[in-house]
*Asks:* 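Below is the structure I would like to discuss, written out as structure tokens.
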2 protein chains.
Amino acid sequence: MSRNCRFTAAVHVCAVLANHPESDVTSDYVASSLNTNPVVVRRLLASLAQAGLVASKRGSGGGYRLAKAAARIDLAAIAAAVEDDDGPAFSPNPTNPTCPIARNIKPVIAEAIARAEAARMSELGKVSLADVMEKLPV
Amino acid sequence: MSRNCRFTAAVHVCAVLANHPESDVTSDYVASSLNTNPVVVRRLLASLAQAGLVASKRGSGGGYRLAKAAARIDLAAIAAAVEDDDGPAFSPNPTNPTCPIARNIKPVIAEAIARAEAARMSELGKVSLADVMEKLPV
DNA sequence: CTATTCGTAACAAATTGAGTTACGAAAGGA
DNA sequence: TCCTTTCGTAACTCAATTTGTTACGAATAG
């Protein structure tokens, strides 16, 4: 796979859980909806659980469910849960210390990117999981 | 390297060109500022040239220069030039057609992501290369 | 006690980005 | 004309990442 599918997959996972509000859903079931391996789903759900978005129960009859109402989970929270948050992607190479541009540009770029990322997250924050479910003909 | 450094590197490249408005700059020179290989820089500059942001000249005395004034180049244009624009990253796996969530969720997610990406680009569009240069102590 | 299910480690396969080498094409100067 | 410089681009290697897979221990219900 080329790019990071974690965010889109995580939204899909959450939607499946939101569609079964009364019962726990197994990773096998979610995996069959995504047509992937249960372990891939459990890894995603581990991130979502750490962020407090889902709860899990082990053992027979166990599985996953949303930890809050779908209306109180937004796409920004899901993105924050499953995306890297290591700041902007600079080359790991040390830039040339004798070049005045190279010496000073990183924080300038980082600030602009941080603002853009904040705008993206703000937009994702306007869409709740309940909004997503409403648009599905289910 | 872990994540995509193309955008941050491209801004750095453009800043170096903006710092030499009167002359062509060789890929060797830019590469030494970024502490990387000239071919890596030329690949970046090829994308920027295709977007009409820089111009190149071959041969002795040749090199690269900005194709417009730094005030008329913004970070959104640089990002658009060097980033993939294949839309949101879905898993290449076909999702389960018997699951109503899986059957219908992709366009809903895609629309939300498109709006978020537009917000990010709008924010990047507010920062011109000239703004970046002003913040550098050069 | 057994079956189920999560949690997680370990590993293979595929993909990607960066770096590198190489070489042809273009352009200027002697 | 010939040589040097420099871009344009293809081909390759290397390292890192993601996904998929197997495996197994821990927890839980019946």
Side-chain angles (χ1 to χ4, degrees), chain A residues 1-10 12-13 16-17 20 23-51 54-65 67 82-86 88-95, chain B residues 1-10 12-13 16-17 20 23-51 53-65 67 82-84 86 88-95:
Chain A
M1 291 74 215
S2 44
R3 291 137 72 220
N4 238 31
C5 308
R6 284 174 61 87
F7 176 47
T8 51
H12 186 144
V13 168
V16 172
L17 298 195
H20 294 83
S23 58
D24 285 342
V25 181
T26 68
S27 56
D28 261 43
Y29 180 91
V30 179
S32 84
S33 173
L34 278 163
N35 195 24
T36 184
N37 192 287
V39 174
V40 174
V41 172
R42 293 207 284 270
R43 282 200 284 241
L44 267 180
L45 280 158
S47 297
L48 295 168
Q50 199 165 12
V54 306
S56 67
K57 201 168 71 175
R58 285 183 168 185
S60 186
Y64 298 88
R65 64 176 63 205
V82 302
E83 285 180 355
D84 284 347
D85 55 350
D86 304 334
F90 288 104
S91 161
N93 292 1
T95 50
Chain B
M1 287 76 210
S2 43
R3 291 138 70 218
N4 238 33
C5 308
R6 284 174 60 85
F7 176 47
T8 51
H12 185 143
V13 168
V16 172
L17 298 194
H20 294 83
S23 57
D24 284 342
V25 181
T26 68
S27 57
D28 262 44
Y29 180 92
V30 180
S32 84
S33 173
L34 279 162
N35 195 23
T36 185
N37 192 286
V39 175
V40 174
V41 172
R42 291 206 285 269
R43 281 201 284 242
L44 268 179
L45 280 159
S47 298
L48 295 168
Q50 199 165 15
L53 302 181
V54 305
S56 66
K57 201 168 69 173
R58 286 183 169 185
S60 185
Y64 298 88
R65 64 175 63 204
V82 302
E83 286 180 355
D84 282 348
D86 305 335
F90 289 104
S91 162
N93 292 0
T95 51

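Order of the sequence lines fixes the chain letters, A, B, ..., with proteins taken first and strands second; residue numbering starts at 1 for each chain.
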*Asks:* For Val41(A) and Ala31(A), work out which heavy atoms get closest and say how close.
*Replies:* CG2-CA, 3.7 Å
*Asks:* Test of understanding: with side chain to side chain donor-acceptor pair (under 3.5 Å), list the residues that count as partners of Gln50(A), not counting sequence neighbours.
*Replies:* none
*Asks:* Which comes earlier along DNA chain C counting from the 5' end, the contact point of Arg43(A) or that of Ser56(A), where each point is its nearest nucleotide?
*Replies:* Ser56(A)
*Asks:* dT19(D) phosphate, OP1 or OP2: any side-chain N/O from Asn93(B) under 4.0 angstrom?
*Replies:* no
*Asks:* For Leu34(B) and Asn93(A): C-alpha separation, side-chain torsions, deciding distance, then whether side-chain contact (heavy atoms from CB on, under 4.5 Å) applies.
*Replies:* CA-CA 8 Å; Leu34(B) 279 162; Asn93(A) 292 1; over 6 Å; no
*Asks:* May I have the distance from Leu45(B) (atom CG) to dG8(D) (atom C1'), rounded to whole angstrom?
*Replies:* 12 Å
*Asks:* Take atom OH of Tyr64(B) and atom P of dT5(D), then tell me their distance rounded to the nearest Å.
*Replies:* 17 Å
*Asks:* Does the protein touch nucleotides 25-30 of chain D at the base, only the backbone, or not at all? Give it as B, S and - per nucleotide, heavy atoms under 4.0 Å.
*Replies:* -BBBS-
*Asks:* Do you know which two heavy atoms are closest between Pro88(B) and Thr8(A), and how far apart they sit?
*Replies:* CB-CG2, 4.5 Å
*Asks:* Tell me which pairs pass side-chain hydrogen bond (donor to acceptor under 3.5 Å, both in side chains) where either residue lies in residues 29-41 of chain B, with sequence neighbours left out.
*Replies:* His12(B)-Ser33(B)
*Asks:* When rounded to the nearest 0.5 angstrom, what distance separates CG in Leu17(A) from CG in Leu45(A)?
*Replies:* 6.0 Å
*Asks:* Are OP1 or OP2 of dC7(D) and a side-chain N or O of Ser27(B) less than 4.0 angstrom apart?
*Replies:* yes
*Asks:* Tell me every residue that passes salt bridge (charged side-chain N to carboxylate O under 4.0 Å, His left out) with Arg65(A), counting only those two or more places apart in sequence or in another chain.
*Replies:* Asp24(A)
*Asks:* Pull out every residue in residues 31-42 of chain B that has a heavy atom closer than 4.0 Å to any atom of DNA chain D, ordered by number, or say none.
*Replies:* Val39(B), Arg42(B)
*Asks:* Pairs in or reaching into residues 39-49 of chain B: which pass side-chain hydrogen bond (donor to acceptor under 3.5 Å, both in side chains), with residues at least two apart or in two chains?
*Replies:* Arg6(B)-Ser47(B), Ser27(B)-Arg42(B)
*Asks:* Using whole Å, report how far CZ of Arg65(A) lies from C1' of dT5(C).
*Replies:* 15 Å
*Asks:* Provide the closest heavy-atom pair for Ala10(B) versus Val82(B) in the form atom of the first, atom of the second, distance.
*Replies:* CB-CG1, 3.8 Å
*Asks:* Roughly how many Å is it from CG in Asp24(B) to C1' in dA27(C), rounded to a whole number?
*Replies:* 12 Å
*Asks:* Please report, rounded to the nearest Å, how far the P atom of dT16(C) is from the CZ atom of Arg6(B).
*Replies:* 13 Å
*Asks:* CD of Glu83(A) versus P of dT18(D): gap in Å, rounded?
*Replies:* 12 Å
*Asks:* Whole-Å distance between dA3(C) C1' and Asp28(A) CG?
*Replies:* 14 Å
